[in-house]
Engineer: 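Okay, here's the structure, questions in a sec.
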Amino acid sequence: MVLDVNFRDACAAALAGLALSVAIEQLMTPRPRLVRPWATWALHAGLWLVGYGTLVLVLGRPWFAAAAVSAFWLMLALVNNAKFKALREPFVFQDFEYFIDAIRHPRLYIPFLGWGKFLTAAAGFVLAVAVGLWLEDAPAQRFVWLGQMGAVAAVVLVGALLVLLGYRQRLPVGFAPVQDVHALGLLASLWRYAQEERRPLRVASAFAALPDARPQDALPHLVAVQSESFFDPRPLFAGIRREVLAEFDRLKADAIAHGPLKVPAWGANTVRTEFAFLSGVEEGLLGVHRFNPYRALAAGSEVPSLAAYLKRLGYLTVCVHPYPAHFYRRDRVYPNLGFDEFLDLHAFDTTMRCGPYISDAAVAEKVATLVRTATSPLFVFVITMENHGPLHLERVATGDIDALYTRVPPSRCDDLTIYLRHLRNADRMVAVLRKTLEHCKRPASLCWFGDHVPIMPSVYATLGVPDGLVEYVIWNNECLNLACTGDSHAKVLDVHDLALMWLHGAGMIAR
């Protein structure tokens with residue numbers, strides 16, 4: 001069943017839309033090169049024609065269909081540019097699910113695009129729809145097969161054949177998005193990443209090879225904290241007060257291991273660091289799944305993990321994350337990773353907020369309660385939220401400058417001031433956890449690390465861009481006074497090696 005439509009208009013709209021799609025692509029950062037393999041152009045043209053032709057068949061309005069597809073393509077380019085500016089990475093296929101997350105959690109996403117751009121794009125889309133419906137007449141006949149509509153169906157078929165030709169070429173991708181988008185264009189790179197995601201995640205984890213035999217000594221409580229956007233910003237600006245991280249400095253001074261930590265994320269994508277720590281799997285072994293490994297785990301892939309290993313030894317395994325459990329599909333993923341309990345946002349109340357999120361103080365008290373009431377060896381994995389951006393939506397408070405700096409920071413550094421205010425609370429969380437474990441009768445060990453540096457583009461433009469390294473520290477309480485020869489000095493570490501080093505430092509495994 002099809003609609004009456006002028007075939008000449010349909011062809012003109014298709015050609016105009018295709019030309020516009022190439023022009024829009026050249027507005028992107030990184031900019032795709034125009035000279036590229038023919039298969040990339042086959043995929044680009046084929047996907048565009050299939051989308052356009054399908055809309056024409058349904059609506060019977062070729063110019064409106066071309067405008068609608070072009071508006072979506074422009075929105076995708078704007079989202080790509082916003083992501084690249086904030087995270088230094090272009091849009092990838094795995095990011096499509098964030099459109100749904102942006103509806104559920106608009107504060108986490110839309111401010112990075114910019115409310116002005118978002119509202120302009122939304123208004124432009126509505127305007128395009130309105131103008132298209134107003135200027136272009138409705139089809140004169142509905143549900144009538146005409147020769148020209150058969151030709152429009154042929155456009156869809158041509159598009160499908162072009163996609164098939166591009167599909168059969170299996171264009172090479174290196175899973176370095178900047179290079180892949182530059183070499184293949186956005187549509188072809190999205191298509192190839194979608195193809196590669198169909199491969200199940202099959203990787204070897206070091207936790208699968210660890211012995212299940214319990215150590216002879218009492219099993220220690222293990223507390224791991226993945227602190228949101230935690231890194232040491234003091235090298236960026238000498239005027240930051242040293243005491244902002246006084247407790248963390250004290251913990252490092254007494255640690256068995258600490259130092260800079262290499263993580264596979266910049267500014268966001270917490271689950272990349274999270275998965276690397278829990279699985280012990282290097283990013284380079286994940287293929288396309290490196291961009292969001294939890295998609296594969298939610299789909300049924302299995303990977304041995306730290307939590308599953310400790311559960312086999314008799315640990316109660318608990319995750320504490322003060323945010324909705326469905327975010328990143330953690331409610332489906334964490335049971336598969338070996339967690340017995342998941343305490344999400346519902347374990348807290350709104351009075352426990354500091355800024356827009358649950359405070360580090362509330363999370364620290366929750367962990368302290370778990371440790372104090374534990375009747376068996378306990379593993380707690382904590383993912384904090386307080387220091388999550390967008391930082392620019394908060395405001396500098398009276399007294400922040402004097403409390404956080406020894407001298408006034410340069411202009412355009414309000415995000416840094418907001419960040420330091422929350423970072424000081426993370427430092428206080430360190431003190432609470434240390435005190436809790438010091439008073440614990442059972443041996444106990446704390447592993448603290450950051451997931452990525454925060455998003456502060458104006459700060460970095462003013463003070464310099466950090467190297468992307470965060471911080472880690474491994475500390476044992478007095479009941480677990482073990483030597484860890486060679487690790488007590490500052491040592492650069494990859495996050496996928498951190499959990500094994502921690503188990504070694506806690507006396508759980510031999511190196």
Engineer: Decide, yes or no, whether a salt bridge links R250 with E247 under the criterion of side-chain N to carboxylate O below 4.0 Å.
Structural biologist: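 E247 and R250: salt-bridged.
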Engineer: In terms of side-chain heavy atoms, does T270 have a donor or acceptor partner in Y328 at a distance below 3.5 Å?
Structural biologist: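 Result is no, nothing qualifies.
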Engineer: Decide yes or no for F207 and L500: does some side-chain heavy atom of the first lie under 4.5 Å from some side-chain heavy atom of the second?
Structural biologist: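 Yes, close enough: below the 4.5 Å cut-off.
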Engineer: In this structure, are over 12 heavy atoms from other groups packed under 6.0 Å from E243 atom CD?
Structural biologist: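 For E243, atom CD is crowded (more than 12 foreign heavy atoms under 6.0 Å).
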Engineer: Any donor-acceptor pair under 3.5 Å linking the side chain of D400 with the backbone of A397?
Structural biologist: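 Present.
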Engineer: Passes salt bridge (charged side-chain N to carboxylate O under 4.0 Å, His left out), E89 versus K83? Steps please.
Structural biologist: CA-CA 6 Å; E89 180 181 283; K83 182 190 175 188; 2.8 Å; yes
Engineer: I want to check something: taking the side chain as every heavy atom from C-beta on, are L47 and W191 in contact at a cut-off of under 4.5 Å?
Structural biologist: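 Answer yes - side chains close enough.
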Engineer: Within the 4.5 Å heavy-atom criterion, are L345 and I358 side-chain neighbours or not?
Structural biologist: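 L345 vs I358: side chains touch.
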Engineer: Apply ring-ring contact (aromatic ring centres under 6.0 Å, His included) to F91 and F84, showing your working.
Structural biologist: CA-CA 8 Å; F91 190 86; F84 189 83; over 10 Å; no
Engineer: Quick one: do the Y357 and E228 side chains pair a donor with an acceptor below 3.5 Å?
Structural biologist: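 There is no such pair (donor and acceptor under 3.5 Å, judged by atom type) between the side chains of Y357 and E228.
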Engineer: Checking N80 side chain against T29 main chain: does a donor-acceptor pair fall under 3.5 Å?
Structural biologist: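 Present.
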Engineer: When you compare the side chains of H44 and S21, does any donor N or O come within less than 3.5 Å of an acceptor on the partner?
Structural biologist: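 There is such a pair between these side chains.
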Engineer: If we ignore hydrogens and angles and just use 3.5 Å, is the side chain of S359 paired with the main-chain N or O of M352 as donor and acceptor?
Structural biologist: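 Such a contact is found between S359 side chain and M352 backbone.
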Engineer: Is atom NE2 of H439 surrounded by more than 12 heavy atoms (other residues, nucleotides or ligands) closer than 6.0 Å?
Structural biologist: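 Open.
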Engineer: Looking at D414, is its backbone amide N or carbonyl O close enough to the side chain of Y419 to form a donor-acceptor pair, meaning the two atoms are under 3.5 Å apart?
Structural biologist: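 Checked: no pair found.
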Engineer: Using every non-hydrogen atom in the two residues, find where V178 and P30 come nearest and quote the distance to one decimal.
Structural biologist: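 Scanning both residues, the minimum pair turns out to be O-CG, 4.0 Å.
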Engineer: List the steps, then state whether salt bridge (charged side-chain N to carboxylate O under 4.0 Å, His left out) holds for E196 with R199.
Structural biologist: CA-CA 6 Å; E196 292 295 323; R199 299 174 184 264; 2.7 Å; yes
Engineer: Which residue in the set H289, E97, Q94 passes side chain to side chain donor-acceptor pair (under 3.5 Å) when paired with R295?
Structural biologist: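 Testing R295 for a side chain to side chain donor-acceptor pair (under 3.5 Å) against H289, E97, Q94 leaves exactly one candidate, E97.
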Engineer: Give, for atom CG of L261 and atom NE2 of H496, the distance between the pair rounded to the nearest 0.5 Å.
Structural biologist: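 Going from CG on L261 over to NE2 on H496, the span is 10.0 Å.
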Engineer: What is the ring orientation for Y334 with F381, classed by angle as parallel under 30°, tilted 30 to 60°, or perpendicular over 60°?
Structural biologist: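 Correct class here is parallel.
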Engineer: Within a strict 4.5 Å, meaning less than it, do heavy atoms of the V320 and F348 side chains meet?
Structural biologist: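 Yes, side chains in contact.
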Engineer: Could you check whether S189 and D180, counting side-chain N and O atoms only, form a donor-acceptor pair closer than 3.5 Å?
Structural biologist: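 S189 and D180 do not have a side-chain donor-acceptor pair below 3.5 Å.
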Engineer: Are any side-chain N or O atoms of S205 and backbone N or O atoms of S279, one a donor and one an acceptor, separated by less than 3.5 Å?
Structural biologist: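 Yes, the answer is positive, given that a donor and an acceptor are paired below the 3.5 Å cut-off.
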Engineer: Measure the OG-CG distance between S229 and N387 for me, rounded to the nearest 0.5 Å.
Structural biologist: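 Between atom OG of S229 and atom CG of N387 there are 5.5 Å.
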Engineer: Which is it for W73 and L186 under the side chain to side chain contact (heavy atoms under 4.5 Å, CB included) test, yes or no, and what are the steps along the way?
Structural biologist: CA-CA 10 Å; W73 184 231; L186 183 58; 3.8 Å; yes
Engineer: What are the two closest non-hydrogen atoms of I24 and S70, and how far apart are they?
Structural biologist: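 Looks like CD1-O, 3.8 Å.
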Engineer: Tell me if the CZ atom of R198 is crowded by more than 12 foreign heavy atoms within 6.0 Å.
Structural biologist: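 For R198, atom CZ is not crowded (no more than 12 foreign heavy atoms under 6.0 Å).
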Engineer: Evaluate the criterion side chain to side chain contact (heavy atoms under 4.5 Å, CB included) for residue pair M508 and W502; output intermediate values, then yes/no.
Structural biologist: CA-CA 9 Å; M508 299 284 294; W502 183 32; over 6 Å; no
Engineer: Between the side chains of N476 and S445, is a donor N or O closer than 3.5 angstrom to an acceptor N or O?
Structural biologist: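 N476 vs S445: donor-acceptor pair found between side chains.
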Engineer: Specify the closest pair of heavy atoms between Q226 and E274, including all atoms of both residues, with the distance to one decimal.
Structural biologist: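 Smallest heavy-atom distance, with atoms named: OE1-CA, 3.2 Å.
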Engineer: Roughly how far apart are L423 CG and D232 CG, rounded to 0.5 Å?
Structural biologist: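 Going from the CG atom of L423 to the CG atom of D232 covers 8.0 Å.
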Engineer: Working note: Y98 + V79, criterion side chain to side chain contact (heavy atoms under 4.5 Å, CB included); need CA distance, chi angles, decisive distance, verdict.
Structural biologist: CA-CA 11 Å; Y98 297 145; V79 169; over 6 Å; no
Engineer: Between R428 and N425, does any side-chain donor sit less than 3.5 Å from a side-chain acceptor?
Structural biologist: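 Result is yes, a qualifying pair exists.
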Engineer: Within the distance-only criterion (no hydrogens, no angle test), does the side chain of R290 pair as donor or acceptor with the backbone N or O of R272 below 3.5 angstrom?
Structural biologist: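 No; judged by distance alone, with no hydrogens or angles, the pair does not exist.
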Engineer: Between S227 (side chain only) and F230 (backbone N and O only), is there a donor and an acceptor less than 3.5 Å apart?
Structural biologist: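 Judged by distance alone, no pair lies under 3.5 Å.
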Engineer: Can you find a pair of side-chain heavy atoms, one from H221 and one from Y315, that are under 4.5 Å apart?
Structural biologist: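 Side-chain contact under 4.5 Å: no.
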Engineer: Return the CZ to CG distance between R421 and L391, rounded to the nearest 0.5 Å.
Structural biologist: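 Nearest 0.5 Å value for the CZ-CG distance: 9.5 Å.
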Engineer: Within the structure provided, determine whether D451 and V263 are in side-chain contact (heavy-atom separation under 4.5 Å).
Structural biologist: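 Side chain of D451 against side chain of V263, heavy atoms only: no contact under 4.5 Å found.
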Engineer: Minimum heavy-atom separation for V396 and I418, please, with both atom names.
Structural biologist: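 That closest heavy-atom pairing would be N-CD1, 3.6 Å.
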Engineer: Show the numbers, then the answer: is there a salt bridge (charged side-chain N to carboxylate O under 4.0 Å, His left out) between D402 and R407?
Structural biologist: CA-CA 8 Å; D402 291 338; R407 65 174 186 264; over 6 Å; no
Engineer: Would you mind reporting whether R330 and F342 have side-chain heavy atoms less than 4.5 Å apart?
Structural biologist: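 The answer is yes, as the side chains (C-beta and beyond) meet within the 4.5 Å cut-off.
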Engineer: Could you please spell out the steps behind the ring-ring contact (aromatic ring centres under 6.0 Å, His included) verdict for Y193 and F175?
Structural biologist: CA-CA 8 Å; Y193 279 26; F175 308 117; 5.8 Å; yes
Engineer: K366 vs L343, test: side chain to side chain contact (heavy atoms under 4.5 Å, CB included). Steps then yes/no.
Structural biologist: CA-CA 9 Å; K366 182 70 67 176; L343 305 181; 4.3 Å; yes
Engineer: May I ask you to decide if V92's main-chain N or O and D95's side chain share a donor-acceptor pair within less than 3.5 Å?
Structural biologist: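 At least one qualifying donor-acceptor pair exists.
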Engineer: Are R31 and H182 linked by a side-chain donor-acceptor pair shorter than 3.5 Å?
Structural biologist: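 Distance-only check fails for R31 and H182.
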Engineer: Donor-acceptor pair, K491 side chain versus G259 backbone, under 3.5 Å?
Structural biologist: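 Judged by distance alone, no pair lies under 3.5 Å.
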Engineer: Any donor-acceptor pair under 3.5 Å linking the side-chain atoms of H422 with those of E386?
Structural biologist: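 Per modelled atom types, E386 and H422 side chains form a pair under 3.5 Å.
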Engineer: Can you find a pair of side-chain heavy atoms, one from V281 and one from V203, that are under 4.5 Å apart?
Structural biologist: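 Side-chain contact under 4.5 Å: yes.
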Engineer: I'd like to know if the side chain of H321 reaches the main chain of D344, judged simply by a donor and an acceptor atom lying under 3.5 Å from each other, with no hydrogens or angles considered.
Structural biologist: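 Here the side-chain-to-backbone pair does not exist.
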Engineer: Passes salt bridge (charged side-chain N to carboxylate O under 4.0 Å, His left out), E25 versus R36? Steps please.
Structural biologist: CA-CA 14 Å; E25 191 182 52; R36 54 190 195 239; 3.0 Å; yes
Engineer: Using a strict cut-off of less than 4.0 Å between a Lys/Arg side-chain nitrogen and an Asp/Glu carboxylate oxygen, indicate whether E365 and R372 qualify as a salt bridge.
Structural biologist: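 Salt bridge between E365 and R372, a charged N being under 4.0 Å from a carboxylate O: yes.
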